[in-house]
Amino acid sequence: MARHLITSAIPYINGIKHLGNLVGSQLPADLFARYLRGRGHEVMFICATDEHGTPAELAAAKAGQPVEVFCAEMHEVQAEIARNFGLSFDHFGRSSSQRNHGLTQHFAGKLDENGWISEVEEKQVYSIDDGRFLPDRYIEGTCPNCGYDKARGDQCENCTKQLDPTDLIDPRSAISGSTNLEVRTTKHLYLRQRALKDQIAAWIDSKTDWPILTTSIARKWLNDGDGLQDRGITRDLHWGIPVKKGDQPWPGMEGKVFYVWFDAPIEYIAATAEGTDRRGEPDSAWRRWWRLDEGAGDVTYTQFMGKDNVPFHTLSFPATIIGSGEPWKLVDYIKSFNYLTYDGGQFSTSQGRGVFMDQALSILPADYWRWWLLSHAPESGDSEFTWDNFQQSVNKDLADVLGNFVSRITKFCRSKFGEVVPEGGSYGPEEEALIAALATRIHAYEGFMDHMEVRKSAAELRAIWVLGNEYLQSAAPWSTYKTDPEKAAMQVRLGLNLIRLYAVLSAPFIPFAADQMLAAMGTGNRDWPGDIATALQALPAGHAFTTPDVMFAKISDEQRDEWQERFKGIRS
RNA sequence: GGGCCUGUAGCUCAAUGGUCAGAGCAGGGCGCUCAUAACGCCUUGGUUGGGGGUUCGAGUCCCUCCGGGCCUACCA
């Protein structure tokens, strides 16, 4: 039994996430966590909402709410949706928690003690009417290059030229449209990543088994141009973690907060503490996951994230950890994902294009989405969601292959033997062959799952389901029943045990259906199979079961067409 | 502009430089009747984006061209 710490990139607070966000971090992380728990390992699976930053303040203002209230409400909304998707977090925390305040200030204090913080005076655009400094992309104006009148201060979307806000002609606030702007001087703290570059590079170089997507992004940032740059870790905002050195004030930084990307990954640690606090456990309970000197030496730490998050998890957060000089646990493996696209384009919140998590659950059970998303996870490149593909995959894999298998064996048994595991008969060559085939495929499945090969795991699991149908077809208990009822009883008993075995193996992908299968089989036995023949005797003769309703109703062409129309959004 | 990823069957994807490039779906045929008209077996289908090169051997390595995507540090 090993100890596994698993974190999913924390979703931003300002709205409900779409299926692309889900498949890029939370869902595969949940798959891995459920699998490891199923195999008997000790797992700590952490996620949270990422609540700070300019967009949160603006979204709250738009909703007409104080930002604290807005964030608290949105956290509950996201937590509820996560529960309904079966995301099995040990704790779903908040980056605005007091735990994160304390830890973030602690890390900043340590970094300063060790000389890794510099104070920098810089000039930024201030909007007098908005009463706030504006990040570059919140300044709009006319592009000096192409004349596009909605160019942003960081880049012109029309001609893709990179800009400085002062380049813009007729600059205005993207928030209010106000042109009452001025350049002001402000002081910020920078994390001296440049000075930590060699240590970080050596650490990255030691990770030879990481996905290319992960290491290539890290190396690009380490080596491109002048190499890794220092990063500002404070902002002139109201909502956030006040800048302090540990629990002491930071002279000259009054009224400023830490940058959201500084405190967000620290929330992984803080959320673990929030969880143990909630359970009434002492500090040692979370520290044994995070402090190498307090019991975390045997922890394997895996992070899941979309590719946009990679620089922060390979560079900034490790710089924080390493720079602290304290024995905090560093990540062992980063599993990163490409993007899911929607029907030939991007998911778009503003255009209402694509399916968002709440909408997904309003039309179909979570397992349908979990299965499709995981079996099509964007591992080697971006992958595309189309309704046609979704309908075909779900109908074939879940309804025809798995659901129908459960249906045919339970209904046959009910009609010939009643809803009880039948007695009699013994294995022959066909059964031995099935057990051998199962052993081979389950071994392969475990190998793919151990290595987080999500799509290959799904394909292997499906192949395991198919073995059940192949067996039934060749064993043909409906025929043997006529001449040798004892043999038919043995075949059916094996088939019913396959249902339980499939529930256990499938639970990481489709936990709700797995629960349904176990409930129908009248068992709470979730033991991961070791010896397959033994595992197929979990339900003994005489054990009562119930015949479940249709587990996966098929998606009709009408539904598919209606949903395609409903979620296509407004094309610009 | 720079960098990274990617292009394989109608579709979605596999293939440590090494048999005849494989699966699933879709298409075609046969079988079965327990089952959600479901299942099983067989089968059609590829100049691996184009061109050049290295090698005994290239989907894989190199060059080049074409197409798609992402990132480029003050959004997160």
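Note that the structure is a prediction, hence the values are computed from the model and not measured. Numbered from 1 within each chain, the chains take letters A, B, ... in sequence-line order.
- In this structure, CZ of A:F385 is placed 14 Å from P of B:rC13, rounded to the nearest angstrom.
- Every side-chain hydrogen bond (donor to acceptor under 3.5 Å, both in side chains) that A:R370 has, sequence neighbours left out, goes to A:D30.
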Pairwise N/O distances under 3.5 Å, protein to nucleotides 3-12 of chain B:
unit_1, atom_1, unit_2, atom_2, d
B:rC4, O2', A:S216, OG, 3.3

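- Side-chain N/O atoms of A:Y471 include none lying less than 4.0 angstrom from OP1 or OP2 on B:rG40.
- Less than 4.0 Å separates RNA chain B from at least one heavy atom of each of the following residues of residues 442-465 of chain A: A:R455, A:K456, A:R462.
- In this model, no side-chain donor or acceptor of A:E470 finds a partner on the base of B:rC39 within 3.5 Å.
- As judged by a 4.0 angstrom heavy-atom cut-off over every strand, A:F133 is placed among residues making no nucleic acid contact.
- Counting any heavy atom pair closer than 4.0 Å across all strands shown, A:K307 reaches sugar-phosphate atoms only and no base atom.
- Sorted by residue number, the members of residues 403-415 of chain A with any non-hydrogen atom under 4.0 Å from RNA chain B read A:G403, A:N404, A:S407, A:R408, A:K411, A:F412.
- At most 12 heavy atoms of other shown residues, nucleotides or ligands fall within 6.0 angstrom of atom CG in A:D549.
- A:P55 comes within 4.0 angstrom of the backbone, heavy atoms only, and of no base.
- No more than 12 heavy atoms of other residues, nucleotides or ligands sit less than 6.0 Å from atom NZ of A:K487.
- When A:F390, A:F552, A:W465 are each tested for a ring pair (Phe, Tyr, Trp, His ring centres under 6.0 Å) with A:W371, only one passes: A:W465.
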Could you list, one pair per line, each protein nitrogen or oxygen that sits under 3.5 Å from a nitrogen or oxygen of nucleotides 28-32 of chain B, together with the distance?
unit_1, atom_1, unit_2, atom_2, d
B:rG31, N2, A:Q473, NE2, 3.0

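- A:E57 places a side-chain N or O within 3.5 Å of a backbone atom of A:H238 that can act as its donor or acceptor partner.
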Give RNA chain B the dot-bracket treatment, 5' to 3': Watson-Crick (N1-N3 with N6-O4 or O6-N4) or G-U (N1-O2, O6-N3) under 3.5 Å, [ ] crossing, | other strand.
-> (((((((..((((....[...)))).(((((.......))))).....(((((..]....))))))))))))....
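- For the side chain to side chain donor-acceptor pair (under 3.5 Å) with A:Y190, the qualifying choice from A:E122, A:E119, A:Q229 is A:E122, the only one to do so.
- Residue side chain A:W221 does not reach the base of B:rA73 through any donor-acceptor N/O pair under 3.5 Å, judged by distance alone.
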